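Input: a single structure, listed below in structure tokens.
One is the number of the first residue; the rest follow in order along the sequence. In this text the structure is predicted, and so the values were computed from the model without any measurement.
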Amino acid sequence: AIAQVADNEFIVVAQNARIKFDPSGRNAGKPSMYARVEEGQYAEGKWVMERVWNGDQTDYGLNFGARPFVLKIKLGTYK
């Protein structure tokens, strides 16, 4: 499941999947990156970050194994 919660910010819940975001709309064709990927959960309606995923975990997309994860993803473009 993917939900957009703000401009360039998403909540993703997945398992046994690989997800990659590509820019669209006015950002189509621009190089993009994960500005920040946080693993965590919602508690009492507020986001609680447990850890930040590093580049080794995000370089080739977001890989979800058998254990489900909840990620808060902030995207960025550059050029």
Side-chain angles (χ1 to χ4, degrees):
I2 300 173
Q4 186 170 4
V5 295
D7 285 344
N8 298 317
E9 194 168 305
F10 300 85
I11 300 295
V12 176
V13 180
Q15 72 183 80
N16 295 323
R18 176 179 283 178
I19 297 171
K20 182 178 180 209
F21 287 86
D22 287 321
S24 64
R26 66 183 173 149
N27 292 321
K30 290 183 180 179
S32 64
M33 61 182 265
Y34 296 105
R36 187 168 176 93
V37 177
E38 297 178 354
E39 180 181 334
Q41 61 183 314
Y42 278 93
E44 298 181 15
K46 294 190 181 198
W47 176 251
V48 179
M49 193 254 323
E50 295 171 359
R51 70 184 188 104
V52 175
W53 283 23
N54 63 32
D56 291 344
Q57 296 169 298
T58 63
D59 281 344
Y60 299 101
L62 304 171
N63 296 304
F64 295 84
R67 184 180 135 223
F69 290 103
V70 180
L71 300 180
K72 184 176 184 182
I73 300 160
K74 180 82 172 176
L75 302 175
T77 59
Y78 56 94
K79 189 172 176 178

Item checked: Asn8 to Gln4 - nearest heavy-atom pair and separation -> N-NE2, 4.0 Å

Notebook entry, point to check: Under the salt bridge (Lys or Arg N to Asp or Glu O under 4.0 Å) rule, what pairs show up with a residue in residues 37-46, not counting sequence neighbours?
Noted result: Arg36-Glu38, Glu39-Arg51, Glu39-Arg67

Check: Hey, any chance Ile19 and Ile73 share a hydrophobic cluster, counting ILVMFWY side chains that come within less than 4.5 Å of each other, even indirectly?
Finding: yes

Margin query: Filter on ring-ring contact (aromatic ring centres under 6.0 Å, His included), then keep only pairs touching residues 14-39, sequence neighbours left out; what's left?
Written below: Phe10-Phe21

Note to self: With rounding to the nearest 0.5 angstrom, report the CD1 to CD1 distance, Ile2 to Ile11.
What the structure shows: 11.5 Å

Margin query: Count I, L, V, M, F, W, Y as connected when their side-chain heavy atoms are under 4.5 Å apart, and connections chain through other members. Are Val70 and Val48 then in the same cluster?
Written below: no

Check: Going only through I, L, V, M, F, W and Y residues with side-chain contacts under 4.5 Å, is there a path from Phe69 to Val12?
Finding: yes

Show me the donor-acceptor pairs within less than 3.5 Å that the side chains of residues 58-65 make with the rest of the protein, sequence neighbours left out.
| residue | atom | partner | partner atom | Å |
| --- | --- | --- | --- | --- |
| Thr58 | OG1 | Asn54 | O | 3.4 |
| Asn63 | OD1 | Arg18 | NE | 2.5 |
| Asn63 | OD1 | Arg18 | NH2 | 3.2 |

Next item on the list: State, to 0.1 Å, how close Gln57 and Val52 come at their nearest heavy-atom pair, and which atoms those are.
Entry: OE1-O, 4.4 Å

Next item on the list: Return the minimal non-hydrogen interatomic distance between Gln15 and Ala66, and the atom names on each side.
Entry: NE2-O, 3.2 Å

Item checked: Residues which pass side chain to side chain donor-acceptor pair (under 3.5 Å) with Glu50, listed by chain and number, not counting sequence neighbours -> Gln41

